[in-house]
Amino acid sequence: MYTLALVAMAVIYAFIGEPLAHWLDQTLYIKWRYIYSFFYYILTGIAVKWMVDKVVGVARGGK
């Protein structure tokens with residue numbers, strides 16, 4: 001379920017939110033494609049979940 005939500009969020013942010021922000025002149029992309037952001041959001045989401053799972057495991061007394 002987490003993976004599905006992560007992919008949905010990445011699609012919305014990378015292909016709807018970022019083009020909208022660019023169109024509204026809130027951001028300036030130089031040699032950047034929205035697909036790069038999509039993969040960035042996926043990798044960031046995986047890394048954050050891994051870190052949170054580690055912290056929760058340590059807090060519960062495990063490794």
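In this text, all values refer to a predicted model and were calculated from it rather than measured experimentally. All residue numbers refer to positions in the sequence shown, counting from 1. Computation of the quantities below employed the complete heavy-atom set of this structure, encompassing side-chain atoms and omitting hydrogens, waters and symmetry-equivalent molecules.
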Does [X] belong to the same Ile/Leu/Val/Met/Phe/Trp/Tyr cluster as [Y], with side-chain heavy atoms less than 4.5 Å apart forming each link?
X: Ile16; Y: Leu20; value: no
X: Leu43; Y: Trp50; value: no
X: Met51; Y: Met9; value: no
X: Val48; Y: Leu6; value: no
X: Trp32; Y: Ile12; value: yes

Worksheet item: Any side-chain heavy-atom pair from Ser37 and Phe15 closer than 4.5 angstrom?
Response: no
_Does any part of the side chain of Glu18, heavy atoms only, come nearer than 4.5 Å to the side chain of Trp23, both counted from C-beta?_
no
At their closest point, which heavy atom of [X] faces which heavy atom of [Y], and how far apart are they?
X: Tyr2; Y: Ile46; answer: OH-N, 4.5 Å
X: Tyr41; Y: Ala10; answer: CB-CB, 3.8 Å
X: Phe38; Y: Val11; answer: CE1-CG2, 3.7 Å

Tyr34: side chain to side chain donor-acceptor pair (under 3.5 Å) partners, not counting sequence neighbours:
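For Tyr34, no residue satisfies side chain to side chain donor-acceptor pair (under 3.5 Å) once neighbours in sequence are set aside.
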Review point. Got a second to check how far Lys31's NZ is from Tyr36's OH, nearest 0.5 Å?
Key: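 Those atoms lie 10.5 Å apart.
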**Study point:** Neighbour count above 12 (heavy atom, 6.0 Å) for Tyr13 OH
**Key:** no
